[in-house]
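Chain A is the first sequence line, chain B the second, and so forth, proteins listed ahead of strands; every chain is numbered from 1.
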Amino acid sequence: MRPIRRLLPHPWLTTVLTLVWLLLNNTLSPGHVLLGLVLGWLIPLLSLRFWPDTVHFHHPLALLRFIGRVLWDILVANLNVAQLILGKPERLRPGFFAIPLDLETELAISLLANTVSLTPGTLSVELSPDRRTLFVHGMDVPDPAATCAEIKLRYEAPLKEVFEP
Amino acid sequence: MMALAVTLALALVAAAIALSFWRLLIGPSAPDRILALDTLYINTIALLILLGLRLNSNLYFEAALLIAVIGFVGTLALCKYLLRGDIIE
Amino acid sequence: MLEALLSLLILAGALFTFIGSLGLARLPDFFTRLHAPTKATTLGVGSLLIASAIHFSTQGEGLSLHEVLVTLFLFITAPVSGHLLGKTGLHLRLPRLGKQADGGLPPGLPPG
């Protein structure tokens, strides 16, 4: 196990890089598959110092379900935001609120921040220096506490299940 | 039918570019202008894809990808400059 | 049938792009304006790219999936630039609406 780890430090990164190479060239020819694999193997090795932690997906199915839910929410968010933009601007109730975080790893926190930014009328604007609180701006939040609870239940809980069981 | 849809879509995207440009002109603050530039480059990607569909050419994809990459880096550099007064620390 | 689907995707994409820019032009303060492009335009460009991928895949020259790459890139970068713009707005203390709901502002930033 050890020598494999040293030779292939980030298997997921290798897979993603190979896929990106194939998409970029829009082909599945054997030559490009080989070249993509070589690049996907070499780049993580050369940039090892930028990726100190290995990523572990503990529940791949939960991750897929999470991605599906986020895509659906993005669609709903867009309809909501479109409605808000076309409505009267005076009727908006914008405001900041804080989300206390249960997540600890950097990857999980940044994924949560990105998800919050992509979904219904909310945008993460700042992370406290001790990484315990995420500050979010809502475009139309009549009840910040309810929105905060919804984000924790809908996005933070699945991310915690996948990355920090 | 698709030609008509693409023409309508081109008109809508052109109007979107005009609106973003309006925000770029009136500001009022520096982040507002950066946001307008950010929106402008996303609008440009939409415009390029529509042109690719209209002229039935796959070449516009490369331009769209390049604009996506460069626009993102530009937004980050401008924000970083306003935040720290320096781009490369 | 396929053409109808493509037309629908193209029009929806252009409409969302337009609404995003409309929000940028008419919303009242910087922080609400910030929402418009990061949301509406990503879905707008997203559906345009899906339409483009379907169109070029059905041209008879094999699958054309590289449009997915632009979509993926935009979905990863849009929240990051939105986050950084929001941070800049807070740092420069831009005026904002909705003072009553500012209980959760980061410490060290006086209101206003």
Side-chain angles (χ1 to χ4, degrees), chain B residues 1-6 8-24 26 28-32 34-36 38-43 45-50 52-53 56-58 60-62 64-65 67-69 71-76 78-84, chain C residues 2-4 6-26 29-30 33-34 36-38 40-42 44-45 48-49 51-52 55-56 59 61 64 66-67 69-71 73-74 76-78 80-92 94-95:
Chain B
M1 186 156 97
M2 209 176 103
L4 182 68
V6 171
L8 268 174
L10 274 171
L12 274 173
V13 172
I17 288 180
L19 285 170
S20 308
F21 201 72
W22 169 243
R23 179 52 70 191
L24 182 66
I26 61 171
S29 63
D32 272 307
I34 301 176
L35 183 62
D38 193 66
T39 318
L40 260 180
Y41 92 74
I42 296 181
N43 290 343
I45 295 173
L47 195 70
L48 279 172
I49 296 158
L50 284 171
L53 279 171
N56 215 352
S57 153
N58 227 333
Y60 287 91
F61 156 78
E62 327 258 323
L65 191 62
I67 289 186
V69 174
F72 173 61
V73 174
T75 307
L76 287 204
L78 286 170
C79 284
K80 201 93 180 154
Y81 180 70
L82 284 185
L83 268 176
R84 317 247 182 198
Chain C
L2 183 72
E3 204 162 304
L6 282 180
S7 308
L8 196 72
L9 274 174
I10 290 170
L11 279 180
L15 200 63
F16 274 118
T17 313
F18 174 73
I19 288 176
S21 293
L22 186 69
L24 182 73
R26 81 183 280 244
D29 74 331
F30 174 72
R33 282 201 281 272
L34 200 48
T38 43
T41 41
T42 29
V45 176
L48 281 178
L49 283 162
S52 169
H55 176 76
F56 286 110
Q59 293 291 300
E61 289 167 25
S64 170
H66 57 188
E67 282 87 352
L69 217 55
V70 184
T71 320
F73 191 80
L74 279 181
I76 295 171
T77 56
V80 177
S81 42
H83 179 87
L84 217 58
L85 276 166
K87 221 169 156 151
T88 313
L90 276 181
H91 181 77
L92 297 179
L94 295 182

Can you tell me how far the CD1 atom of B/Ile49 sits from the OG1 atom of C/Thr71, to the nearest 0.5 Å?
7.5 Å
Check whether C/Leu15 gets within reach of chain B through its side chain, its backbone, both or neither, counting any heavy atom under 4.5 Å.
both
Interatomic spacing from CG in B/Leu12 to OG1 in C/Thr17 - rounded to 0.5 Å
8.5 Å
Residues C/Phe18 and B/Ala15: closest non-hydrogen pair is CE1-CB, 3.6 Å
Which atoms of C/Leu34 come close to chain B, meaning under 4.5 Å heavy atom to heavy atom: side chain ones, backbone ones, both, or neither?
both
Nearest heavy atoms of C/Val70 and B/Phe61, plus distance in Å
CG2-CE1, 3.5 Å
Tell me the closest heavy-atom pair linking B/Met2 and C/Leu6, and the distance in Å.
SD-CD1, 3.6 Å
Give the C-alpha distance, both sets of side-chain angles, the deciding distance and a yes or no for side-chain contact (heavy atoms from CB on, under 4.5 Å) between C/Leu24 and B/Leu35.
CA-CA 8 Å; C/Leu24 182 73; B/Leu35 183 62; 3.6 Å; yes
By side chain to side chain contact (heavy atoms under 4.5 Å, CB included), which residues pair with C/Ala25, not counting sequence neighbours?
B/Leu19, B/Trp22
Roughly how far, to the nearest 0.5 Å, is the CG atom of B/Leu76 from the OG1 atom of C/Thr77?
8.5 Å
Shortest non-hydrogen pair, C/Arg26 vs B/Arg23, comes out as N-NH2, 4.4 Å
Contact leader toward chain C among B/Leu53, B/Leu50, B/Val13, where contacts are heavy-atom pairs under 4.5 Å
B/Leu53
Side chain from CB out, backbone as N, CA, C, O: work out which of these in B/Ser20 comes under 4.5 Å of a heavy atom of chain C, or both, or neither.
both
Spatial distance of atom NE2 (C/His91) from atom SG (B/Cys79) [nearest 0.5 Å]
11.5 Å
Answer with side chain, backbone, both or neither: which region of C/Leu74 has an atom nearer than 4.5 Å to a non-hydrogen atom of chain B?
side chain
So for B/Leu65, is it side chain, backbone, both, or neither that comes closer than 4.5 Å to the heavy atoms of chain C?
both
Identify which part of C/Ala4 has an atom lying under 4.5 Å from any heavy atom of chain B, answering side chain, backbone, both or neither.
both
Where on C/His55 is there a heavy atom nearer than 4.5 Å to chain B: the side chain, the backbone, both, or neither?
side chain
Please classify the contact of B/Asp32 with chain C as side chain, backbone, both or neither, using a heavy-atom distance under 4.5 Å.
both
Does OH in B/Tyr41 sit with more than 12 non-hydrogen atoms of other residues, nucleotides or ligands closer than 6.0 Å?
yes
Would you compute the distance between atom CG of B/Leu78 and atom CG of C/Leu85 and round it to the nearest 0.5 angstrom?
9.0 Å
To the nearest 0.5 Å, tell me how far C/Leu84 CG sits from B/Thr75 OG1.
9.0 Å
Is B/Ala11 in contact with chain C via its backbone, its side chain, both, or neither, using a 4.5 Å heavy-atom distance?
neither
Residue from B/Leu40, B/Asn56, B/Leu4 scoring the most non-hydrogen pairs under 4.5 Å with chain C is B/Asn56
